[in-house]
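Hydrogens, waters and symmetry mates play no part in the numbers below; they use all other heavy atoms, side chains included. Just so it is clear: chains get the letters A, B, ... in the order the sequence lines come, proteins before strands, and each one is counted from 1.
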Amino acid sequence: MVSTVFNQIVEPSWLARPSPEVAPDLLGCTLVRQLPDQQIRGLIVETEAYALGDPAFHAYKRRTDRNRVLFDPAGRTYIYLIYGIYHCFNIVTDQDGIPSAVLIRALQLESVPAVDSTSNQNIHRIAAGPGKLCRVMQIERSLNGGILQPGEPLWLEHRGRQFQQQVDCQAVTFVQTTRIGLSQGIDLPWRWYLSNCPAVSRR
DNA sequence: TTGGCGATGCTG
DNA sequence: AGCATCGCCAAT
């Protein structure tokens with residue numbers, strides 16, 4: 001008999017660790033965006049960690065209006081506007097009061113969204129980049145501080161059986177490098193991505 | 001293929 | 001002033 005297996009939901013407690021631990025573990029998990037009339041699902045293929053002591057981190061200096069959600073418990077979203085045009089989507093991690101987050105840099109979409117404003121794009125590149133994935137998933141600042149769980153606009157699902165098999169047979173491997181697009185903290189090796197993934201940012 | 005640059009608005 | 005970006009265009 002055929003059985004459909006649903007991925008397990010990622011619980012906040014699983015995210016309550018330092019971001020450099022969580023960031024590689026999020027590779028292969030699925031980000032789900034629930035819209036009124038459609039669901040958009042994407043495999044996480046590229047992440048970066050931001051944490052205490054990191055000069056590139058928005059919470060490096062002090063708590064401000066913008067970064068306050070970074071100090072909240074794990075399992076919330078941190079979304080901000082960058083270069084006046086794009087948004088960046090982060091997952092808040094670690095213990096309450098300890099600012100820490102993972103930037104989601106690229107997704108491999110399961111399918112082309114119904115209203116596709118980027119119809120010229122290669123399916124593999126529609127969500128290739130932190131600004132592009134927010135555009136296609138309609139993630140903007142009104143979602144900042146939201147909890148990642150079903151029933152909300154966004155949630156996470158753990159690695160599925162198919163992905164695990166690809167890891168086990170080494171069809172997919174994990175690569176760790178320095179982060180992208182920064183002027184500070186450029187030597188921290190806190191970027192991870194899946195090998196052989198056309199959606200990973202080109203650099 | 002690589003590198004330079006403008007768009008655009010919010011933050012501290 | 002600078003920014004956790006992107007797409008376009010020119011030069012190689």
Task: ring-ring contact (aromatic ring centres under 6.0 Å, His included): pairs with one or both residues in residues 84-106 of chain A, sequence neighbours excluded - done: none

With a cut-off of 3.5 Å and sequence neighbours excluded, list every side-chain donor-acceptor pair involving residues 147-156 of chain A.
from     : atom 1 : to       : atom 2 : distance (Å)
A/Trp155 : NE1    : A/Glu157 : OE2    : 3.2

TODO: Could you state the atom-to-atom distance from CD1 of A/Ile180 to C1' of C/dC6 in whole Å?
DONE: 13 Å

Task: Euclidean distance, atom CZ of residue A/Phe57 to atom P of C/dC3 [Å, nearest integer] - done: 17 Å

Task: ring-ring contact (aromatic ring centres under 6.0 Å, His included) partners of residues 9-55 of chain A, not counting sequence neighbours, each pair once - done: A/Trp14-A/His158

Open item on the list: Working to the nearest 0.5 angstrom, can you tell me the gap between A/Gln166 CD and A/Thr173 OG1?
Closed with: 11.5 Å

Task: Ion pair A/Asp187/A/Arg179, N-O distance below 4.0 Å - done: no

Task: DNA chain C base-pair string [pairs: Watson-Crick or G-U under 3.5 Å; |: paired with another strand] - done: |||.|||||||.

Task: Closest nucleotide among C/dA4, C/dC3, C/dC6 to the A/Tyr80 side chain - done: C/dA4

- [ ] Using atom CH2 of A/Trp192 as one end and atom P of C/dA4 as the other, report the distance to the nearest whole Å.
- [x] 18 Å

For nucleotides 9-12 of chain B, list the nitrogen or oxygen atoms of the protein found under 3.5 Å from its nitrogen or oxygen atoms, one pair per line.
from   : atom 1 : to      : atom 2 : distance (Å)
B/dG12 : OP1    : A/Thr64 : OG1    : 2.5
B/dG12 : O3'    : A/Arg62 : NH2    : 2.3

Open item on the list: Less than 4.0 angstrom between a side-chain N/O of A/Ser183 and OP1 or OP2 of C/dG2, yes or no?
Closed with: no

Open item on the list: With a 4.5 Å cut-off on side-chain heavy-atom distances among I, L, V, M, F, W and Y, is there a chain of contacts connecting A/Val136 to A/Ile139?
Closed with: yes

Task: Contact residues, residues 44-53 of chain A to DNA chain B [heavy atom, < 4.0 Å] - done: none

Open item on the list: For a 4.5 angstrom cut-off between non-hydrogen side-chain atoms, does A/Leu15 reach A/Val92?
Closed with: no

- [ ] Please determine which of A/Leu109, A/Leu133, A/Val112 meets the side-chain contact (heavy atoms from CB on, under 4.5 Å) test together with A/Ile40.
- [x] A/Leu109

- [ ] Measure the CD1-CE distance between A/Ile126 and A/Met137 for me, rounded to the nearest 0.5 Å.
- [x] 11.0 Å

Task: Length of the line joining A/Tyr60:OH and C/dC3:C1', which is rounded to integer Å - done: 17 Å

- [ ] Answer yes if the side chains of A/Ser13 and A/Glu11 hold a donor-acceptor pair under 3.5 Å, and no otherwise.
- [x] no

Task: Atom pair distance, as rounded to whole Å: OH in A/Tyr86 and C1' in B/dG6 - done: 11 Å

TODO: Identify whether NZ of Lys or CZ of Arg in A/Arg63 sits under 6.0 Å from the centre of the six-membered ring of A/Phe71 and within 45° of that ring's axis.
DONE: yes

